[in-house]
There are 2 protein chains.
Amino acid sequence: MTDPAPEPPATRRPTMVDVAKAAGVSLKTVSRVANNVATVRPELAERVLRAMRDLGFQRNNAAANLRRGQETSTIGLIILDLANPFYSTIAAAAAEVTQRHNTQLITASSGWNPDRERELVLDLCERRVDALIIVPTGDDQSYLRAEIDRGTPVVFIDRPPAGLDGDTVLIDNRNGARELVRRLINEGHRGIGVITDSLNSYTMGERVAGVSEELAAAGIAEQAHFTEVYSDKPETAADAVGRMLDAPDPPSAVFCGNNRILTGALEELVARRSRVRLAGFDDFEFAHLLPYPVTVVGYDTRALGRLAAELTFQRIRTSTPPLTNYVVPTYLVDRGVDLGTRQPAPRVAQG
Amino acid sequence: MTDPAPEPPATRRPTMVDVAKAAGVSLKTVSRVANNVATVRPELAERVLRAMRDLGFQRNNAAANLRRGQETSTIGLIILDLANPFYSTIAAAAAEVTQRHNTQLITASSGWNPDRERELVLDLCERRVDALIIVPTGDDQSYLRAEIDRGTPVVFIDRPPAGLDGDTVLIDNRNGARELVRRLINEGHRGIGVITDSLNSYTMGERVAGVSEELAAAGIAEQAHFTEVYSDKPETAADAVGRMLDAPDPPSAVFCGNNRILTGALEELVARRSRVRLAGFDDFEFAHLLPYPVTVVGYDTRALGRLAAELTFQRIRTSTPPLTNYVVPTYLVDRGVDLGTRQPAPRVAQG
DNA sequence: CTGAAAGCGCTAACAA
DNA sequence: TTGTTAGCGCTTTCAG
């Protein structure tokens with residue numbers, strides 16, 4: 001009357017107990033083999049390995065980590081937007097480092113939303129990531145205090161945290177801006193237009209501060225035209241440049257705070273067949289093919305991700321050393337194609 | 001003589017037991033509160049929540065999942081290279097969908113290495129991801145059979161798997177190529193140059209097949225010049241175009257298999273101040289600013305990631321429906337700036 | 001060298 | 001409504 005114990009459903013994953021049964025050894029021996037403990041008789045080990053292969057055994061790492069204490073071999077990376085090449089480059093560089101440490105990276109985008117950032121931090125902490133790398137947004141990261149005290153290394157990247165000290169890896173925005181403006185000044189420009197987006201962000205604030213410092217040093221601060229655009233659509237920047245050029249005392253050079261503004265401005269200059277000097281922040285993949293000569297501030301984006309990840313592993317190893325702050329240097333590059341003065345009205349394809 | 005039991009070290013994370021003790025309730029009540037089970041007296045729940053806040057409690061999700069069975073709320077995404085905007089766009093779109101499902105995405109790059117792909121799959125399976133989304137590389141994904149049978153949904157993206165059937169989300173490469181070639185033919189071109197990289201990849205194979213079909217349909221297959229380049233450096237493509245144009249019977253139009261080849265070819269055409277018709281695959285962010293008119297085959301890259309992720313959740317919900325194969329359509333777009341014939345020798349900045 | 005028992009932090013049964 | 005007990009799959013004592 002009693003049926004034999006039904007076989008476990010085909011879908012169930014084999015556990016170490018199953019492997020032990022199949023190999024005719026104890027659970028512990030299987031565990032030892034799985035962890036490459038040397039003190040197992042080769043013959044037994046062989047039998048266990050065979051059983052593992054036959055059953056398609058895959059250790060449940062969550063269970064192993066649970067018992068073992070910590071070390072999930074997972075790091076959380078919170079960036080602003082993975083669709084943005086700047087951040088995806090950072091993510092790729094960081095992933096390359098974590099990969100070498102047999103650690104996976106969980107990359108999530110906060111989308112410039114501080115609440116979302118907090119949610120993500122919480123979620124990642126509940127997954128017990130070994131460390132966090134964060135591009136902070138908003139003006140308060142003090143909520144991380146508790147987590148850091150609990151021993152989770154946190155490294156900030158691209159922007160420093162607010163309301164809290166922490167390890168950082170930043171770009172030398174201020175110096176980059178200064179160098180670029182110095183270059184324009186050396187070329188003889190005096191009336192310089194400056195187009196930025198919201199100065200609320202640390203990044204843009206630093207860049208503008210660099211511009212201002214250099215203009216002040218040259219004593220030509222009053223001849224500058226500062227404009228802030230409130231949308232990252234290229235047309236907005238195009239309009240801004242247009243207005244500058246149509247003003248009574250137009251600038252002979254324009255500094256753009258980032259590459260979106262730069263390309264927007266460029267479209268306007270191309271359309272006007274202008275020869276105004278164009279320069280700005282951020283190098284990018286096809287910048288050398290822009291249809292207008294530009295000088296841009298470049299930097300090693302990959303270094304940001306790489307340094308942050310390396311610093312992270314350093315912290316995982318030995319905690320509570322002094323705060324570390326890396327600064328990635330910038331350099332100037334000439335990009336774009338100088339096609340000279342042209343006759344036909346240029347056509348800019350829909351973009 | 002007996003010291004009092006030492007307090008747990010400050011670093012230890014509080015568990016539900018700690019919370020229960022602090023709130024003066026049982027472990028299970030804490031668990032219920034943590035899981036929003038409604039049947040807890042509000043007053044007790046309040047006490048528990050307070051204790052949680054005071055202790056800074058964060059549930060250990062690994063432990064919860066372990067006990068609960070499956071569902072780690074994690075999906076694995078294996079792409080070829082996160083640093084490539086095509087793949088990071090896919091990752092971003094997929095992440096957006098998983099985020100809505102309260103699921104984190106672990107994105108890893110195989111770097112076109114089939115062994116690495118297998119390692120990553122194994123690692124992700126040991127983490128018990130709920131599903132896998134894979135851009136396959138190499139010519140054998142049959143090793144995934146066992147995993148799929150065990151119930152892990154696997155969706156393939158951009159390329160179909162080999163040695164195995166599976167859900168796929170692909171681009172309509174063949175038709176895109178056909179349409180573009182048809183356009184060139186309609187414009188009157190007969191001698192068409194075709195530059196591709198290694199035809200070993202599914203993607204390029206499909207594109208070239210589309211080109212060939214259309215050329216054959218027009219009866220001008222013999223007038224075509226096919227060239228395969230073996231490096232993805234732009235100069236290689238530039239050289240290839242150069243050789244085509246210097247040949248006895250140069251093409252009047254050139255079809256490039258991807259955007260790296262397209263930009264490489266473009267550099268050569270700009271340098272020669274050529275007016276050869278240029279066209280190719282892949283639209284990209286700043287394509288509308290290329291200093292040369294081009295027509296490219298575009299497609300909704302985000303749709304790839306989005307559809308794959310959505311399909312994945314569908315599969316997690318209800319397994320073993322029939323195989324699904326999405327095909328993302330393509331379209332033609334005109335890009336680049338037509339600056340007409342120009343006088344000064346163009347300067348292409350270092351790139 | 002091997003195994004039995006305990007327990008990581010949590011949830012699912014089953015009482016009370 | 002609340003608590004008790006068992007146990008997820010694994011590793012860690014500690015005996016054999």
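Chain letters run A, B, ... following the sequence lines, proteins first and then strands; every chain starts at 1.
Among the protein residues, Val17(A) comes within range of no part of the nucleic acid, since none of its heavy atoms lies under 4.0 Å from any strand. Asn35(A) comes within contact range of the sugar-phosphate backbone alone, with a heavy-atom separation under 4.0 Å but no base atom that close.
Scanning both residues, Pro153(A) and Asp130(A), for their nearest heavy atoms gives CD-O, 3.2 Å. Residues Arg127(B) and Thr72(B) share a closest heavy-atom pair of O-CG2, 3.8 Å.
Taken to the nearest 0.5 Å, the CG atom of Leu27(B) stands 8.0 Å off from the OG1 atom of Thr15(B).
Of the side-chain N and O atoms in Thr39(A), none sit less than 4.0 angstrom from OP1 or OP2 of dC1(C).
The distance between atom CZ of Arg47(B) and atom C1' of dT1(D), rounded to the nearest whole Å, is 14 Å. Distance Asn65(A) CG to dT11(D) P: 9 Å, rounded to the nearest Å. The nearest whole Å value for the distance from the CG atom in Asn61(A) to the C1' atom in dG9(D) is 11 Å. Look at CG on Asp18(A): it is 11 Å from P on dC8(D), rounded to the nearest Å.
Using bins of under 30°, 30° to 60° and over 60° for the plane-to-plane angle, the ring pair Phe313(A)/His101(A) lands in the parallel bin.
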For residues 52-59 of chain A, run the donor-acceptor check on the side chains, cut-off 3.5 Å, and write out each pair with its distance to 0.1 Å, sequence neighbours left out.
{"residue": "Gln58(A)", "atom": "NE2", "partner": "Glu147(B)", "partner atom": "OE1", "Å": "3.4"}
{"residue": "Arg59(A)", "atom": "NE", "partner": "Asn61(A)", "partner atom": "OD1", "Å": "3.3"}
{"residue": "Arg59(A)", "atom": "NH1", "partner": "Asn35(A)", "partner atom": "OD1", "Å": "3.0"}

- Summarise how protein sits on nucleotides 3-9 of chain C as a single string, 5' to 3': B when a protein heavy atom is under 4.0 Å from the base, S for sugar-phosphate-only contact, - for no contact. BB-BBBB
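Under the rule for a side-chain contact (heavy atoms from CB on, under 4.5 Å), the partners of Lys21(B) that lie at least two apart in sequence or sit in another chain are Val17(B).
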